[in-house]
Amino acid sequence: MPSSPRNRIGEVYGQLTVVRASERRTKAGNAYWWCQCTCGNEREVPGDKLSLNTARRKPIVDACETCARERQVEGVCIKNDREEKTRRAQAQREREQLKGLVPDRWLMLPLTDAHARELGQTLFFRGTRCLLGHLAPYRINGGCQACSGQTPSAGDLPPTKPTAS
Ligand SMILES: [Zn+2]
Ligand SMILES: [Zn+2]
């Protein structure tokens with residue numbers, strides 16, 4: 001005998017509030033519920049996806065499809081942002097070590113590909129070597145400038161002596 005589903009109307013899961021029962025059943029016989037999102041959209045959600053237990057492995061639903069998608073995009077941006085910050089900080093550290101070893105103008109270049117794009121420039125210098133061991137600026141979309149023969153690699157330059165002050 002299928003048991004009648006627990007009445008979940010009024011329960012809140014993230015942005016969703018259960019507003020009414022649905023006729024639909026999952027293959028396993030679970031009831032679907034109509035939920036209203038804080039944005040006003042409604043979404044039909046199987047009862048087993050409405051959970052407050054975020055630690056469990058099964059995916060949960062806690063927003064309408066539009067809001068869930070938006071949040072996903074934001075999540076990706078936040079992650080990319082964090083990675084980009086790390087990349088720039090790393091490039092800054094690498095470049096600190098290279099003062100006097102590479103042309104000063106390289107140290108004035110943007111730090112990363114994204115940084116160059118932000119500034120409307122085409123070259124950047126992360127202070128790292130390319131796969132062939134060159135130490136040279138990179139061109140956005142183009143790779144190492146020493147590889148493309150546009151700049152000699154600084155990798156083999158002897159360290160310049162610090163100027164006596
Ligand atoms: Zn929504
Ligand atoms: Zn190279």
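Numbering of ligands and ligand atoms starts at 1, following listing order.
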Inset, instruction - Taking atom types as modelled, find out whether Q90 and E94 have a side-chain donor-acceptor pair closer than 3.5 angstrom. - result: yes
Legend entry - Check: N30/R24 side-chain N/O donor and acceptor closer than 3.5 Å: no
Legend entry - Under-4.0 Å salt bridge between R88 and E118: yes
Inset, instruction - Using distance alone, with no hydrogens and no angle criterion, decide if E11 and T17 have a side-chain donor and acceptor under 3.5 Å apart. - result: no
Inset, instruction - Say whether R8 and Y13, considering side chains only, have a donor N or O and an acceptor N or O under 3.5 Å apart. - result: yes
Inset, instruction - Please check if any side-chain donor atom of R126 sits under 3.5 Å from a side-chain acceptor atom of Q92, or the reverse. - result: no
Inset, instruction - To the nearest 10 degrees, calculate the angle at the Zn ion (ligand 2) involving SG of C144 and SG of C130. - result: 110°
Inset, instruction - Of all N, O or S atoms in H134, identify the one at the shortest distance from the Zn ion (ligand 2). - result: ND1
Legend entry - D62 and R43 ion-paired at < 4.0 Å: no
Legend entry - Cut-off under 2.8 Å, centre the Zn ion (ligand 1), protein N/O/S atoms: C37 SG, C39 SG, C64 SG, C67 SG
